[in-house]
Q: 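Supplied in structure tokens, the structure appears directly below.
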Amino acid sequence: MTHNRIYGLILLLLSFTACKNKDIAVNKINENTTPKEIIKPVVISTWNHGIPANKEAWKVLIKGGTALDAVEQGVRTAEANPQVQTVGLGGFPDREGNVTLDACIMDHNSNCGSVSFLQHIKHPISVARKVMEETPHIMLTGEGALQFALEQGFEKEELLTPESKKAYKEWLQKSNYEPVINVENHDTISMLALDENGDLSGACTTSGAAWKMHGRVGDSPIIGAGLFLDNEVGAAAATGLGEAVIRTAGSAMVVELMRQGKSPYEACKEVVERIYKVHKNHKDLEYLQVGFIALNKNGEYGSYCLRPGFNFAVKNAMVNNELKNADFKIK
């Protein structure tokens with residue numbers, strides 16, 4: 001056999017081997033990019049009060065109801081519970097003794113509604129939904145939001161309970177605004193849901209930071225900060241010090257990172273790390289806590305926070321409304 005024929009056979013063998021390896025590589029890529037099984041319905045919410053909220057939301061989801069109805073009904077449990085002093089009835093007041101509420105809601109069609117600086121209405125989340133469905137606007141605030149709520153049939157009532165009033169009087173003795181990590185900072189219930197139709201919705205409602213300046217509004221009613229979703233990608237919501245979330249457009253950034261291929265956990269973690277970078281030399285860092293929850297279209301969920309202490313509740317066919325501790329950056 002001539003050297004030329006041997007050389008040709010070697011080239012042919014190498015070419016065959018390369019093609020075979022390429023086929024194996026392509027098959028491996030296809031295997032890794034095959035869509036995962038979609039888990040639905042799913043509901044995830046922030047803090048201990050997420051457990052009863054998820055329970056109520058699940059009643060809607062398990063019957064084939066919409067994610068929008070589920071998140072509204074879910075967070076209303078916290079708004080109506082005077083023992084939850086960071087949301088709705090019985091919420092801690094501002095430094096002038098007024099309970100002011102913020103909330104927003106968003107559906108799978110990117111419709112959204114919001115209220116801020118709302119007083120005397122126990123269920124701001126339902127007012128926010130009315131803003132979304134009955135007006136050409138997204139946000140109403142203050143006296144205008146109250147007027148609209150009353151026109152829609154909501155009852156005006158006193159939201160400052162004896163327990164919250166007592167706490168306020170104790171605070172007046174020193175009148176220092178020094179938030180306590182994981183005490184004042186679980187000022188929000190945020191909830192995300194994926195229904196049987198594969199549609200996402202989210203809700204966020206709060207009485208805001210205790211002893212805040214009168215008129216202060218945090219991230220909770222701001223679409224893109226406290227809550228954001230894209231029905232093609234996923235949803236995210238925040239809790240903690242609203243100013244830090246607003247500075248980084250927190251929830252919108254989490255969703256955009258999921259669009260780029262990050263898992264819900266990875267997306268939450270990256271935004272928390274960004275918040276830390278922005279605030280590492282900021283005066284707020286001493287008492288800063290921020291946490292995110294996220295849910296993608298496959299029903300995968302994740303969470304991450306700045307400091308230890310943040311937890312979230314999850315309910316799906318495999319997780320029976322469990323309270324989970326989020327991973328955190330600052331040890």
Side-chain angles (χ1 to χ4, degrees), residues 45-47 49-50 75 78-79 84-88 91-95 98-106 112-119 124-125 128 138-142 145 177-192 202-229 235-255 268 271-272 274-279 282-294 303-307 309-310 312 326:
S45 58
T46 55
W47 302 109
H49 43 243
V75 301
E79 289 179 335
V84 179
Q85 293 178 296
T86 51
V87 179
F92 288 129
D94 61 23
R95 60 187 59 188
N98 301 298
V99 179
T100 67
L101 307 178
D102 307 318
C104 72
I105 195 165
M106 191 170 187
C112 41
S114 170
V115 291
S116 66
F117 194 48
L118 175 64
Q119 299 183 55
I125 196 63
I138 289 178
M139 178 183 284
L140 294 179
T141 192
Y177 181 67
E178 295 179 351
V180 180
I181 294 169
N182 296 325
V183 177
E184 282 187 1
N185 280 348
H186 38 312
D187 56 4
T188 306
I189 180 166
S190 297
M191 176 178 283
L192 310 171
C204 188
T205 181
T206 185
S207 57
W211 335 129
K212 62 196 174 188
M213 291 180 66
H214 188 61
R216 179 264 188 187
V217 174
D219 65 304
S220 295
I222 300 176
I223 301 296
L227 172 70
F228 192 71
L229 68 89
T239 187
L241 190 66
E243 284 77 3
V245 179
I246 294 170
R247 288 185 186 108
T248 52
S251 293
M253 291 299 100
V254 172
V255 173
C268 291
V271 174
V272 168
R274 187 178 302 178
I275 288 173
Y276 174 75
K277 183 178 180 180
V278 169
H279 291 84
H282 197 278
K283 57 183 174 58
D284 290 347
L285 183 63
E286 181 181 355
Y287 54 77
L288 180 60
Q289 171 67 310
V290 170
F292 291 93
I293 56 173
S303 180
Y304 198 81
C305 61
L306 185 63
R307 300 177 188 271
F310 170 55
F312 61 97

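Because only heavy atoms are used, hydrogens play no part in the values below, and waters and symmetry mates are left out as well, while side chains stay in. The model shown is predicted, which means the values in this text are computed figures rather than measured ones.
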Q: Looking only at non-hydrogen atoms, find the nearest pair between Leu241 and Val290 and report the distance.
A: O-CG2, 4.0 Å
Q: Which atom pair, heavy atoms only, marks the closest approach of Arg216 to Gly242?
A: NH2-N, 3.8 Å
Q: Residues in ring-ring contact (aromatic ring centres under 6.0 Å, His included) with Phe117, at least two apart?
A: His214
Q: Could you report the tightest heavy-atom contact between Ile189 and Ala78, atom names first, then the distance?
A: CG2-CB, 3.9 Å
Q: Quick one: does any side-chain atom of Asp284 pair with a main-chain N or O of Leu288 as donor and acceptor, under 3.5 Å?
A: no
Q: With sequence neighbours excluded, tell me which residues meet side chain to side chain donor-acceptor pair (under 3.5 Å) with Ser114.
A: none
Q: Working to the nearest 0.5 Å, report the span between CG of Asp102 and CD1 of Ile125.
A: 11.0 Å
Q: Inspect the contact between Glu243 and Lys212 and indicate whether a charged nitrogen and a carboxylate oxygen are less than 4.0 angstrom apart.
A: no
Q: Quick one, Asn98 and Pro93 - any side-chain contact, counting heavy atoms below 4.5 Å?
A: no
Q: Got a second to check how far Arg307's CZ is from Leu285's CG, nearest 0.5 Å?
A: 5.5 Å
Q: Provide the closest heavy-atom pair for Ser303 versus Phe292 in the form atom of the first, atom of the second, distance.
A: OG-O, 2.7 Å
Q: Using side chain to side chain donor-acceptor pair (under 3.5 Å) as the criterion, list what pairs up with Ser116, not counting sequence neighbours.
A: Thr141
Q: Any side-chain to backbone donor/acceptor pair from Ser190 onto Ala238? Under 3.5 Å, distance only.
A: yes
Q: Has Thr46 got a side-chain atom pairing as donor or acceptor with Thr188's backbone, closer than 3.5 angstrom?
A: yes
Q: Phe310 and Ile293: side chain to side chain contact (heavy atoms under 4.5 Å, CB included), yes or no, with the steps?
A: CA-CA 10 Å; Phe310 170 55; Ile293 56 173; 4.1 Å; yes
Q: Does the side chain of Leu192 reach to within under 4.5 Å of the side chain of Leu227, using non-hydrogen atoms?
A: yes
Q: The criterion is side chain to side chain donor-acceptor pair (under 3.5 Å); which residues satisfy it with Glu79, sequence neighbours excluded?
A: His123, Thr205
Q: In Å, rounded to the nearest 0.5 Å, how long is the span from NE2 of His49 to CD of Gln85?
A: 12.0 Å
Q: Got a sec, which residues hit ring-ring contact (aromatic ring centres under 6.0 Å, His included) with Phe228, two or more places apart in sequence or on another chain?
A: none
Q: How would you list, by chain and number, every residue that makes a side-chain contact (heavy atoms from CB on, under 4.5 Å) with Ala145, sequence neighbours excluded?
A: Val115, Leu118, Leu140
Q: For the residue pair Gly91 and Ser207, what are the closest heavy atoms and their distance?
A: CA-OG, 3.6 Å
Q: Over all heavy atoms of both residues, which pair between Val271 and Gly250 is shortest? Give the atoms and the distance, please.
A: CG1-O, 3.9 Å
Q: Just how far is it from atom CD1 of Ile275 to atom NE2 of His282, taken to the nearest 0.5 Å?
A: 12.0 Å
